[in-house]
Amino acid sequence: MPNITLPDGNVLTFDKKVTGLKVAEKISKSLSKQALVISINGQLKDLNYEIDKDCSIKIFTSKDKEGIETIRHDTAHILAMAVQELFPGTQVTIGPVIENGFYYDFARKDSFTQEDLLKIEKKMQEIVERDEPTHREVWERDKAIEHFKKAGEIYKAEIIKSIPKGEEVSLYFHGKWHDLCRGPHLLSTGKVGKFFKLTKVAGAYWRGDSNNEMLQRIYGTSWSSQKDLDDYLKRIEEAEKRDHRKLGKEMDLFHFREESPGSVFWHEKGWNLFQKLISYMRQKQDEAGYKEINTPEILDRSLWEKSGHWEKFGANMYTSTTPDEKVFAIKPMNCPGCVQVFNQGLKSYRDLPLKMSEFGKVHRYEPSGALHGLLRVRAFTQDDAHIFCTEDQITEECLSVTNLILEIYKDLGFENVILKYSDRPDLRVGDDDVWDKSEKALLEAIKESKLEYSINKGEGAFYGPKIEFVLRDAIGRDWQCGTLQVDLNLPGRLGASFVDKDGSKKVPVMLHRALFGSLERFIGILIENYAGKLPFWISPLQAMVIPVSDDFNTYAIEVNKKLKKSGITSEVDLKNHNLNYKIREHSLTKIPLLLICGKKEVDSNTVTIRRLDSKEQENMEIKKLIEKFSSQAKSPS
RNA sequence: GCCCUUGUAGCUCAGCUGGUAGAGCAAUUGAUUUGUAAUCAAUAGGUCCGCGGUUCGAAUCCGUGCGGGGGCACCA
C-alpha cells in the first residue's frame with residue numbers, strides 16, 4: 001500500500017506496488033510520455049522500478065539535468081552496443097556521461113577511423129529504431145565475474161572485482177546486449193531519440209593511469225531535440241572561431257615554429273599588447289607597494305639543490321653545461337632568485353611586509369603532448385611576486401593580493417571569478433600547528449573577500465596551502481590564472497631571515513603570488529574572451545588612418561603623426577587599394593578605429609570614424625578625436 | 001610521454017588508384033585615384049617537413065625522426 005509523495009506535497013496512494021511510469025500516468029498523460037527517469041527518496045531509479053513502500057518521488061524529463069544525463073548515459077550504451085555489433089571482439093570498459101555528452105572506452109586491436117565513426121553512428125540509429133526494451137538484473141558477484149570473463153570481457157570483470165563488497169552488481173539489458181551498469185536507464189533504446197553525434201576518437205589510459213594500456217575512447221554528444229543538438233554544434237563552431245591560435249595568425253600577433261616548440265615568437269603587434277599589459281601591471285603594483293626586481297635566468301645547480309627544485313622539479317628543468325663543465329639550470333620558477341635578493345643585506349622586522357615583484361621569464365620542459373598555443377608553453381613570463389612577512393601578517397597580505405587580482409581582472413573585463421582553495425597534502429613539510437595557522441589565515445582572507453570558493457582537499461603545495469583564481473570568460477569557459485601560496489618552507493631552506501623586535505633572527509613567511517599567472521597564457525585567454533576584438537586601451541594597433549585616394553596622403557600622414565604624438569597606437573595605410581578593400585582588410589585584423597580622410601575631411605579638418613563591427617560613420621574634428629581617444633588609449637587606473 | 005590524426009607557395013587549400021606540382025588570396029610590377037567589407041592585368045614564387053627504403057620512376061607506398069591538431073597522462 002505505498003503512499004507516494006509528489007514534489008508539490010500531494011500524496012498518491014496505490015493498493016499494490018507500482019512502477020514510476022504508472023505513477024507518471026496517474027499524474028498526467030503528457031508527463032508519462034515525457035518521463036525519462038525517477039528519483040525515489042532522492043535516489044535515481046529506472047521508470048519501471050517497482051515502488052512498494054511509502055516514499056517521495058520526482059519524475060524527470062528532458063528539461064531536467066537528470067533527464068538529459070540519462071539520455072546521454074543511454075546513448076553511451078547504444079554506442080557500445082553498436083560497436084560490438086559492428087566489431088565483434090571489441091571489449092567494452094566504461095562509458096560515463098560528461099559535460100554536454102558522453103564517451104565510451106573500448107579495447108580493440110585495430111583503431112577506429114573517422115569512417116568507422118559514421119558507420120557506428122548509423123548502427124546506433126538502427127538500434128534506436130529497433131527500440132530494444134531495457135531490463136535490469138541483479139547478479140551474484142562471482143557469477144557476474146565468471147560471466148564476463150567467459151565472454152572475453154576482461155575489463156568488465158576487473159570492474160566488478162573493484163566494486164565494494166555489499167554493493168549490488170547490476171546488469172542492464174537492452175534486448176540481448178547487456179552491460180554492467182549502475183543505471184538508471186531509459187525504458188527502451190527508442191527513448192533516446194536521434195539527436196546525437198559522435199564527435200571524436202582519442203586514446204585514454206585504462207583507469208586513467210599512464211602505466212596502464214591505452215584504450216580507444218569515442219566521444220559523443222546527445223540531446224533531446226534537433227534544435228539543442230544544432231545549438232550545441234553551433235556553440236562549438238563559435239568557440240573554434242575564437243581560437244587564439246587562429247586569431248593570433250590573422251591578427252599578426254605571434255607565431256610558433258619547429259625550432260622551439262612551445263616558445264612564442266612575438267610579432268610587433270603581439271609584443272605591443274604584451275608590453276601594454278606589463279606597463280599596466282607595473283602601475284598597479286607600484287600603487288600596491290611592490291618593488292620590482294629582476295633575477296638571472298640561469299643559476300648554478302647548487303642553488304636548485306638547496307631549494308629542493310633539483311629533486312622535486314628536475315624532470316621539468318632545462319639545464320646547461322658550460323665549456324668548463326659547470327652545470328646551470330634555466331630557472332623554472334623565480335622564487336629562489338628572489339630569495340637571494342631578500343638575503344642581500346640585513347632585513348629588519350620593520351622592512352616587512354616586503355613585496356618584491358618580477359616579470360620573470362621561466363622555462364619548463366613540459367611534455368610535448370601538453371603544449372597548446374599560448375595556453376600551455378615551455379617558456380613564459382610570470383607576473384610573479386614574493387611577499388616576505390611575519391605569520392601575523394599573512395591574512396592581511398593575502399587579502400590585499402586577492403583585492404589586487406580582482407581589480408585587475410575587472411579592468412580586463414572579467415568580473416566572474418571563482419576561488420579554489422587547496423589545503424595540506426599528505427606529502428608535506430612543516431609542523432601541523434604551522435599548517436593550522438597558515439590554512440586559517442588563508443581561509444580568513446578568502447572569507448573576507450566574499451567570493452565563491454570550492455575546496456580541493458589535499459591539493460596544496462608541499463610547502464603550504466594555496467588559492468587558485470579561476471575566471472569565467474564571455475562564453476562560459478573557466479580559466480585558471482592567478483595563484484597565491486603560503487610558503488613556510490623555502491625561506492628557511494634558502495637561509496632567509498630578519499631581525500625581530502627582540503633582536504633575534506627569525507625566518508620570514510613567503511607568499512608566492514601571480515596575478516595573470518603567465519602573460520602568454522593570459523593573452524591567449526584575452527584573445528578568446530574578446531574573439532580578437534580587444535578593448536581599445538589594450539589593442540596593439542588602435543587606429544588606422546585611411547586616405548580615400550592618394551590625393552589625401554599628406555593629410556592622412558599628418559593625422560597619423562598627431563595621433564601617435566597623443567599616445568594612440570596608429571598607422572596610416574598608403575597602399576594603392578580602394579577604400580572598400582582597406583576597410584575589409586583592417587576590419588579583419590580587428591583594428592578598433594578606422595579613420596577615413598577624403599576631400600570632405602581635409603576641407604573641414606576632420607576624419608570620418610568607422611568603428612570595428614559598426615557601419616556607422618561619425619565625422620569628428622581632429623582635436624576632438626585626439627581629446628576623446630587619447631584618454632581612452634591609457635590603461636584604466 | 002602515450003593513442004589517433006596531420007605536414008604541398010607567405011596564408012587557405014586542390015593534386016583519384018605511383019609518371020618529378022596547381023588554384024585563390026597575399027607579394028612584386030603596371031594600369032586605375034577609388035567614399036565605407038575583395039578594381040583589373042602581368043610577373044615572380046615550391047628540397048611537396050627531414051632522413052632512409054621499395055620502385056625504371058615517390059608529394060603519392062613503407063619505415064623512422066621532427067613539428068602541428070584532437071584526446072589521455074602531466075600542469076610545481
Side-chain angles (χ1 to χ4, degrees), chain A residues 98 103 105-106 108 110-114 116-117 199-219 240 243 245-246 249-250 252 255-262 307-309 311-317 332-335 362 364-373 375-378 380 382 425 459-463 466 468 480 483 485 487 490 512 514 517-518 521 546-553 575-589 594-601 608-619:
Chain A
I98 51 173
Y103 66 76
D105 286 350
F106 299 97
R108 177 181 174 231
D110 299 322
S111 41
F112 293 113
T113 63
Q114 213 55 39
D116 290 340
L117 243 49
T199 48
K200 55 198 168 198
V201 218
Y205 296 109
W206 166 236
R207 298 209 140 138
D209 185 339
S210 58
N211 296 314
N212 290 341
E213 62 276 31
M214 189 152 273
L215 307 170
Q216 294 185 68
R217 175 171 297 178
I218 297 179
Y219 282 92
E240 272 165 17
D243 193 311
R245 293 166 297 185
K246 182 174 166 313
K249 202 182 268 175
E250 285 170 13
D252 192 19
H255 82 278
F256 290 91
R257 52 175 53 237
E258 257 185 64
E259 292 88 340
S260 190
S307 70
H309 285 84
E311 191 199 344
K312 300 266 177 204
F313 207 68
N316 286 297
M317 282 160 71
M333 295 187 200
N334 301 302
C335 26
V362 296
R364 297 179 187 176
Y365 190 75
E366 300 286 353
S368 58
L371 303 180
H372 183 93
L375 303 180
R376 192 82 184 267
V377 287
R378 283 183 176 155
F380 59 100
Q382 289 184 312
E459 296 279 302
F462 70 91
Y463 46 72
K466 67 176 178 187
E468 276 153 355
Q480 192 183 301
T483 170
Q485 302 161 6
D487 182 0
L490 271 189
H512 305 236
S518 124
R521 179 156 214 250
I546 305 173
V548 171
S549 78
D550 44 6
D551 290 342
F552 313 108
N553 281 0
K575 285 201 207 97
N576 183 11
H577 279 130
N578 64 29
L579 186 55
N580 279 332
Y581 183 93
K582 290 183 183 183
I583 288 189
R584 180 180 149 81
E585 189 190 7
H586 301 307
S587 297
L588 288 174
T589 57
L594 302 184
L595 306 174
I596 318 296
C597 310
K599 180 155 191 319
K600 200 170 74 191
E601 288 78 9
T608 298
I609 304 171
R610 182 188 163 121
R611 289 168 193 264
L612 184 58
D613 266 352
S614 164
K615 287 190 182 192
E616 256 170 66
Q617 296 176 35
E618 185 187 355
N619 193 257

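Throughout, protein chains are lettered first and strands after them, A, B, ... in sequence-line order, and every chain is numbered starting at 1. Being a predicted model, the structure only gives us computed values, none of them experimental.
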Could you grab the distance from atom CZ of A/Arg521 to atom CD of A/Gln382, nearest 0.5 Å is fine?
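One finds 12.0 Å between CZ of A/Arg521 and CD of A/Gln382.
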
Interatomic spacing from CG in A/Asp105 to CE in A/Met214 - rounded to 0.5 Å
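Taking CG in A/Asp105 and CE in A/Met214, the distance rounds to 10.0 Å.
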
With the side chain of A/Lys575 defined as its heavy atoms from C-beta on, choose the nearest nucleotide among B/U34, B/A27, B/G68.
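Shortest atom-to-atom distance from the side chain points to B/A27.
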
Spacing of [X] atom [atom1] relative to [N] atom [atom2], expressed in whole Å:
| X | N | atom1 | atom2 | answer |
| --- | --- | --- | --- | --- |
| A/Glu366 | B/A73 | CD | P | 16 Å |
| A/Phe112 | B/C72 | CZ | P | 18 Å |
| A/Leu117 | B/G71 | CG | P | 14 Å |
| A/Lys582 | B/G35 | NZ | P | 12 Å |
| A/Leu375 | B/G68 | CG | C1' | 15 Å |
| A/Phe106 | B/C72 | CZ | C1' | 16 Å |
| A/Asp209 | B/C74 | CG | P | 8 Å |
| A/Lys246 | B/C11 | NZ | C1' | 12 Å |

Quick one: does A/Thr589's side chain get under 4.5 Å of A/Asp252's, heavy atoms only?
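The answer is no, as the side chains (C-beta and beyond) never meet within the 4.5 Å cut-off.
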
Counterpart residues, side-chain contact (heavy atoms from CB on, under 4.5 Å), relative to A/Asn578 (two or more places apart):
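Applying side-chain contact (heavy atoms from CB on, under 4.5 Å) to A/Asn578 gives A/Asn580, A/Tyr581.
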
For A/Glu459, what residues pass the side-chain contact (heavy atoms from CB on, under 4.5 Å) criterion, not counting sequence neighbours?
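A/Ser422, A/Asn456.
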
Atom pairs, N/O to N/O, protein against nucleotides 63-65 of chain B, distance under 3.5 Å?
none

Who are the salt bridge (Lys or Arg N to Asp or Glu O under 4.0 Å) partners of [X], not counting sequence neighbours?
| X | result |
| --- | --- |
| A/Arg245 | A/Asp243 |
| A/Lys599 | A/Asp603 |
| A/Arg584 | none |
| A/Glu585 | none |

Protein proximity profile, nucleotides 36-47 of chain B - base contact B, sugar-phosphate-only contact S, no contact -, cut-off 4.0 Å on heavy atoms
BBBB--------

May I ask you to check whether over 12 heavy atoms, not counting those of A/Glu213, lie within 6.0 Å of atom CD?
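More than 12 heavy atoms, drawn from other residues, nucleotides or ligands, come within 6.0 Å of this atom.
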
Excluding sequence neighbours, so at least two apart, what forms ring pair (Phe, Tyr, Trp, His ring centres under 6.0 Å) with A/Phe106?
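By the ring pair (Phe, Tyr, Trp, His ring centres under 6.0 Å) rule, A/Phe106 matches A/Tyr104, A/Phe112.
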
For A/Tyr365, which residues count as a ring pair (Phe, Tyr, Trp, His ring centres under 6.0 Å) partner, sequence neighbours excluded?
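Per chain and number, A/Tyr365 pairs via ring pair (Phe, Tyr, Trp, His ring centres under 6.0 Å) with A/Tyr318.
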
Looking at [X], I'd like to know whether one of its side-chain N or O atoms comes within less than 4.0 Å of OP1 or OP2 on [N].
| X | N | result |
| --- | --- | --- |
| A/Lys200 | B/G70 | no |
| A/Tyr205 | B/G71 | no |
| A/Arg257 | B/G7 | no |
| A/Ser368 | B/G1 | yes |

Could you tell me which nucleotide pairs with [N] by Watson-Crick or G-U wobble geometry, both distances under 3.5 Å, or answer none if nothing does?
| N | result |
| --- | --- |
| B/G1 | B/C72 |
| B/U29 | B/A41 |
| B/G67 | B/U6 |
| B/C16 | none |

Residues A/Glu618, A/Arg611; criterion side chain to side chain contact (heavy atoms under 4.5 Å, CB included); working and verdict:
CA-CA 9 Å; A/Glu618 185 187 355; A/Arg611 289 168 193 264; 3.9 Å; yes

My understanding is that only residues two or more places apart in sequence, or in another chain, count here; which of them pass side-chain hydrogen bond (donor to acceptor under 3.5 Å, both in side chains) with A/His255?
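A/His255: side-chain hydrogen bond (donor to acceptor under 3.5 Å, both in side chains) contacts with A/Arg257, A/His267.
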
Earlier contact from the 5' end, RNA chain B, for A/Cys597 and A/Pro332:
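The answer here is A/Cys597.
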
Could you check A/Gln382 against A/Leu215 and say which one's nearest nucleotide on RNA chain B is further toward the 5' end?
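Its nucleotide being nearer the 5' end, the pick is A/Leu215.
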
Identify whether any heavy atom of [X] sits under 4.0 Å from a base atom; if not, whether one sits that close to sugar-phosphate; answer base, sugar-phosphate or nothing.
| X | value |
| --- | --- |
| A/Pro261 | sugar-phosphate |
| A/Ser549 | base |
| A/Ala204 | sugar-phosphate |
| A/His586 | nothing |
| A/Phe380 | base |
| A/Tyr219 | sugar-phosphate |

Do the side chain of A/Arg376 and the base of B/C75 come within less than 3.5 angstrom through a donor-acceptor pair of N or O atoms?
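By the distance-only test, yes, there is a pair.
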
Nucleotide N/O of nucleotides 12-14 of chain B paired with protein N/O under 3.5 Å:
| from | atom 1 | to | atom 2 | distance (Å) |
| --- | --- | --- | --- | --- |
| B/U12 | OP1 | A/Lys249 | NZ | 2.9 |

